[in-house]
Amino acid sequence: MQELYIKLDKRLIIRAKKINILDFGNNTSNESFAKVLLSYMKELENAFLFLQEFSVDNFKIANENFKIVFKRSEILLENEKLSLKLDVSKIDNNILAYIKEANITELNASLNAFLYINTDENLYDINGSLLSESIKLDFNTSFDDNNIFVNLKDINASDIKDVFDLVSKNIELDEDLLLWLGKKAVPKNYYIDEFTLKMQRKLFKAFEIKELSGFGVANDLTLLLNDGVDEIFIPKLDLNLSKEKLDFYFEKAYFAGKDISKSKVYIYDIANPKKIGINIRLLSNDLSLDSKVHKLLNSYKISLPLSQKSGFVKSDLSINIPFQAKYKNDFKGVFELKNVQSTLADFFVKEGTVVLDNTNLKLKSFAVFNSFLNANFNSNINLASKSGTFNTYINRLHFDNLLDLMDENVSINLDFSNDLMLGIKEWDLDLNLSKGIEFYSKNILKFKKYSPIMQDLNVSKIGLLHLKSQDFNNFSVSLKDSVFTNDFIELNSSNTIKDNFYIEKSPKGMKIRNDKKNIELDLYDKNLSLQLKDINFVLKDVENLNSAFNNNLNINLNANNLGLILADFNKSLKFDKLFASVNGDLMRINASKNASSFDFYKGKNKLLLQAKNINDKIVNEFFSKDVVKDGKFSLNIEGSSTRDFNGSIVLEKTYIKGLTFHNQLISFIDTVPSLVLFKTPTFNKEGLGIQKGLVLFDKKNTDINITSLALDGDSVDVLGFGAIDLKKDRLRVELELKILKSASQIISKIPILNQVILGKDMSISTAILVEGSLQEPKFSTQIFKETIKLPFNLIKNIIEIPSTWFK
């Protein structure tokens with residue numbers, strides 16, 4: 001105490017500058033200001049009995065400092081939180097107090113009230129009004145040793161947060177209740193018609209709520225569910241508190257801009273601190289399983305592996321949140337999907353139902369499809385372990401030219417504990433769908449029966465396939481230790497390509513590369529560019545080559561050191577360089593080998609082929625054996641298609657020796673004595689020496705017609721014509737062999753006789769017929785025919801003698 005003044009007159013007078021009460025019974029120093037004030041009000045009776053004046057400039061008790069002045073009929077209390085001035089009077093055993101002036105600093109509010117104390121019954125009753133910038137209300141409260149009654153009326157509040165903050169400091173209410181009503185439910189203003197609270201003392205001096213009721217209105221209320229989650233906005237809210245339940249009634253409500261007007265919100269068991277909680281049921285035909293709903297569920301540790309971009313969802317999601325930490329939140333939800341576009345693999349959900357029961361999630365009767373999959377499935381997912389299974393019926397799994405799988409039942413395991421993983425045991429396949437799709441497979445060949453491209457390429461081995469795509473449209477693929485048996489063949493292999501391949505598909509197009517860098521493919525829009533090096537290509541059908549490449553593509557091929565194998569003829573050509581272009585029905589090929597050149601053009605109704613400066617090496621390489629020696633060759637073909645054309649072959653200064661036709665002709669001459677004259681040294685040993693030659697032919701479907709064959713040989717000229725039927729593998733050729741430069745030269749030295757025997761051509765000739773199969777042709781002479789013609793030829797030659805004597 002400081003500057004204490006005490007005087008005992010009729011009653012006690014106490015004045016002091018400072019009094020600090022260190023201990024005030026029952027650990028009062030820890031009591032709230034309101035409880036200390038209440039204890040003083042209970043002591044007013046004693047004050048009237050003993051005190052005439054009590055005046056202290058600085059009175060400290062229970063951690064509160066204030067100025068107090070008590071002079072019989074007037075009481076003044078002042079500190080930084082409260083300024084209170086009362087007129088007090090005592091009638092018999094009753095105390096009446098009129099609060100003339102009261103300001104509550106924390107609320108920036110003023111208070112007018114009447115206080116009535118019945119000292120006999122220890123009953124206290126207060127009636128008055130509270131006014132501040134944020135709140136206005138009328139109140140009536142009464143209490144005795146065993147009961148508390150509070151009645152509030154006509155409450156207008158624009159910011160009720162401060163009220164709840166003050167209440168929470170002075171009255172023991174559930175913290176979560178104060179959180180939801182004071183901070184999470186934020187209106188533009190409140191209007192409470194009436195609020196009533198009745199409490200009764202139980203054992204051990206504890207109070208329990210016996211009655212709690214009230215009703216009111218909140219305008220433009222924002223209900224904050226959790227941090228980082230979109231709020232619920234309610235334009236007008238009716239509040240009804242009855243039977244320990246606070247209902248939020250509204251006609252319109254919105255979550256994340258979506259209509260949830262059919263939803264329900266209420267706080268239950270308000271009077272029971274062990275059971276109190278809030279229930280939020282979101283009902284909507286407008287809500288989507290989008291990122292905003294996912295944020296809401298994730299804030300309660302509920303993670304759904306399904307999200308949508310568009311479509312119709314009928315939602316019924318119930319969130320029950322007990323305020324007691326020992327009780328778990330309860331989640332129930334049913335989402336009916338129809339024509340929904342999912343973010344996962346761009347799936348379109350035709351229909352399906354999502355059922356949520358806390359950590360159990362079921363996807364029922366889902367019918368889904370996208371650009372590559374059409375399927376139906378049911379699934380069970382455990383959200384706690386983040387795993388589940390899909391019982392799936394695949395109507396069709398289709399990637400153009402890559403895969404076409406239909407009518408398959410598979411069981412798919414789901415694991416999204418870290419990444420979003422799908423495992424298909426039947427296929428030995430694990431897929432990561434966290435960022436698009438990624439998977440590895442060592443057993444991809446099991447899909448060969450469903451894969452047109454694997455069949456076309458005749459894939460016989462893939463050591464490891466790795467596919468990665470972020471948008472299920474663009475992707476990268478690597479094929480390790482791959483073996484293909486198809487139209488592309490390595491130079492040192494009989495029928496395969498062995499290498500590692502890399503495929504990249506992007507918005508710019510598709511690229512294919514390999515480690516050996518001898519195959520490069522670039523596909524952009526409808527333009528295909530192909531670079532080949534040190535490789536063979538099997539050409540199976542020239543006529544349908546355009547359609548084999550796909551008529552919708554414009555193709556450009558550049559090749560170095562390319563071998564072209566003509567499957568129809570079992571022959572091959574090798575080129576140093578080759579350029580080819582295919583544009584719809586048009587095809588152009590330009591190639592070169594040393595000094596030789598090849599030009600090929602094929603249009604819708606036109607075919608041209610020119611081969612110039614062909615040497616013996618190219619010809620022998622084509623036939624895979626030595627059929628000619630030295631010389632130059634050229635080939636010209638012109639027509640409307642490979643089935644209808646005319647052609648010519650020109651030969652210069654060469655020897656023909658290795659052809660089956662040539663060898664069998666020699667054998668035939670050896671066996672016919674009458675033809676021994678035609679067995680000249682040049683013909684027999686080095687081959688048929690040709691100074692120049694020409695073959696004219698045409699082709700109609702499978703028939704080849706040799707219209708003229710003329711070979712100007714060193715010792716024998718060969719003339720002929722004939723036909724070949726490719727379909728029946730048959731030929732018929734008539735040849736005339738004429739000796740000009742050997743035996744006939746000797747006879748020609750003898751005058752007159754030479755003209756009789758040789759005629760003016762000075763030649764001896766014979767006819768040979770060749771017919772039978774292409775592989776085993778049969779030769780025969782036309783001796784009988786020649787015998788009949790001989791007298792006539794002799795007479796004709798004798799008649800012609802005068803015209804030749806002087807030559």
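Throughout, numbering of the chain's residues begins at 1 and tracks the sequence. Every heavy atom of this structure was used, including side-chain atoms; hydrogens, water molecules and symmetry mates were not. Since the model is a prediction, treat every value here as computed from it, not as a measurement.
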Can you give me the closest heavy-atom contact between N320 and P322, atom names plus distance?
O-CD, 3.5 Å
Distance (rounded to the nearest 0.5 Å) between L77 CG and I68 CD1:
5.0 Å
Indicate yes or no: at least one non-hydrogen side-chain atom of N189 is less than 4.5 angstrom from one of P187.
no
For the backbone of R11 and the side chain of D9, can you confirm whether one donor and one acceptor N or O come within less than 3.5 Å of each other?
no
Which is it for V265 and I278 under the side-chain contact (heavy atoms from CB on, under 4.5 Å) test, yes or no, and what are the steps along the way?
CA-CA 7 Å; V265 180; I278 187 170; 4.2 Å; yes
I need the minimum non-hydrogen distance between N279 and Y268, along with the two atoms involved.
N-CE2, 4.2 Å
Give a yes or no on whether the backbone of L289 and the side-chain of Q308 come within a donor-acceptor separation of less than 3.5 Å.
yes
Under a 3.5 Å distance rule, please check whether K184 uses its side chain to pair with a backbone N or O of L225 as donor and acceptor.
yes
Is the closest side-chain donor-acceptor distance between T196 and N151 under 3.5 Å?
yes
Does a side-chain heavy-atom distance below 4.5 Å link Y191 with I155?
no
Can the positive tip of K245 be found less than 6.0 Å from the middle of the six-membered ring of Y266, inside 45° of the ring normal?
yes
Quick one, L239 and L246 - any side-chain contact, counting heavy atoms below 4.5 Å?
yes
Under 3.5 Å, is there a donor-acceptor pair between the Q200 and N146 side chains?
no
What distance separates F335 CZ from L287 CG, expressed to the nearest 0.5 Å?
7.5 Å
Any side-chain heavy atom of K258 within less than 4.5 Å of one from D290?
yes
With heavy-atom distances below 4.5 Å as the criterion, would you say the side chains of D138 and S129 are in contact?
yes
Give, for atom CZ of F195 and atom CZ of F215, the distance between the pair rounded to the nearest 0.5 Å.
12.5 Å
Donor-acceptor check, side chain of D269 to backbone of N272, threshold 3.5 angstrom: yes or no?
no
Check the pair N127 / N140 against side-chain hydrogen bond (donor to acceptor under 3.5 Å, both in side chains), numbers first and verdict last.
CA-CA 4 Å; N127 287 280; N140 170 243; 2.4 Å; yes
Of the non-hydrogen atoms in V217 and K236, which two are nearest, and what is the gap between them?
CG1-CE, 4.1 Å
Full working for ring pair (Phe, Tyr, Trp, His ring centres under 6.0 Å) between Y300 and F331:
CA-CA 9 Å; Y300 297 110; F331 303 91; 5.6 Å; yes
May I ask you to test the F143-L123 pair for a side-chain heavy-atom distance under 4.5 Å?
no
What residue among D259, D316, I260 forms side chain to side chain contact (heavy atoms under 4.5 Å, CB included) with L283?
D316
Just checking K274: does its NZ atom have more than 12 heavy atoms from other residues, nucleotides or ligands closer to it than 6.0 angstrom?
no
Taking atom CD of E74 as the centre, report whether more than 12 heavy atoms of other residues, nucleotides or ligands fall under 6.0 Å from it.
yes
Distance-only side-chain donor-acceptor flag, D419 / N432, under 3.5 Å
yes
Do N112 and Y98 have side-chain N/O donor and acceptor atoms under 3.5 Å apart?
no
Any side-chain donor paired with an acceptor under 3.5 Å for D286 and S284?
no
Min side-chain heavy-atom separation V313-L337 under 4.5 Å:
yes
With side-chain contact (heavy atoms from CB on, under 4.5 Å) as the test, would you mind laying out the steps for L433 and L422 before giving the verdict?
CA-CA 7 Å; L433 300 179; L422 293 180; 3.2 Å; yes
Give, for atom NZ of K243 and atom CD of E211, the distance between the pair rounded to the nearest 0.5 Å.
11.5 Å
Give the minimum heavy-atom separation between F312 and V340, together with the two atoms involved.
O-CG2, 3.2 Å
Counting only N and O atoms by type, is there a donor-acceptor contact under 3.5 Å from the side chain of S261 to the main-chain atoms of A253?
yes
Donor-acceptor pair, distance only, cut-off 3.5 Å: does the side chain of S434 make one with the backbone of L420?
yes
Measure the spacing between CD of E251 and CG of D238 and express it to the nearest 0.5 Å.
8.0 Å
Charged N to carboxylate O below 4.0 Å: is that the case for K332 and D330?
yes
side-chain contact (heavy atoms from CB on, under 4.5 Å) between N378 and F366, intermediate numbers included:
CA-CA 6 Å; N378 292 281; F366 262 67; over 6 Å; no
Under a 4.5 Å cut-off applied to non-hydrogen side-chain atoms, are I99 and L84 in contact?
yes
Under the ring pair (Phe, Tyr, Trp, His ring centres under 6.0 Å) definition, can you give me all pairs with a residue in residues 223-254, not counting sequence neighbours?
none
Less than 3.5 Å apart, any donor N or O on the side chain of N122 or Y124 sitting next to an acceptor on the other?
yes
L12 and F54: side-chain contact (heavy atoms from CB on, under 4.5 Å), yes or no, with the steps?
CA-CA 8 Å; L12 187 62; F54 183 79; over 6 Å; no
Taking NZ in K71 as the centre, count heavy atoms belonging to other residues, nucleotides or ligands within less than 6.0 Å. Is the count above 12?
no
Partner of L296 by side chain to side chain contact (heavy atoms under 4.5 Å, CB included), out of I319, D230, N226, I232
I319
Would you find a donor on one side and an acceptor on the other, under 3.5 Å apart, between the side chain of S342 and the backbone of S307?
yes
Straight-line distance of S288 OG to K309 NZ, nearest 0.5 Å
13.0 Å
Identify the heavy atoms of D144 and E121 that sit nearest to each other, and give their distance.
CB-O, 4.4 Å
Let me see the working for R15 and E53 under salt bridge (charged side-chain N to carboxylate O under 4.0 Å, His left out), right down to the final yes or no.
CA-CA 8 Å; R15 299 182 186 135; E53 180 183 342; 2.8 Å; yes
Answer with yes or no whether the side chains of N219 and Y190 bring together a donor and an acceptor at under 3.5 Å.
no
Closest non-hydrogen atom pair, Q341 against F348
OE1-CD1, 3.2 Å
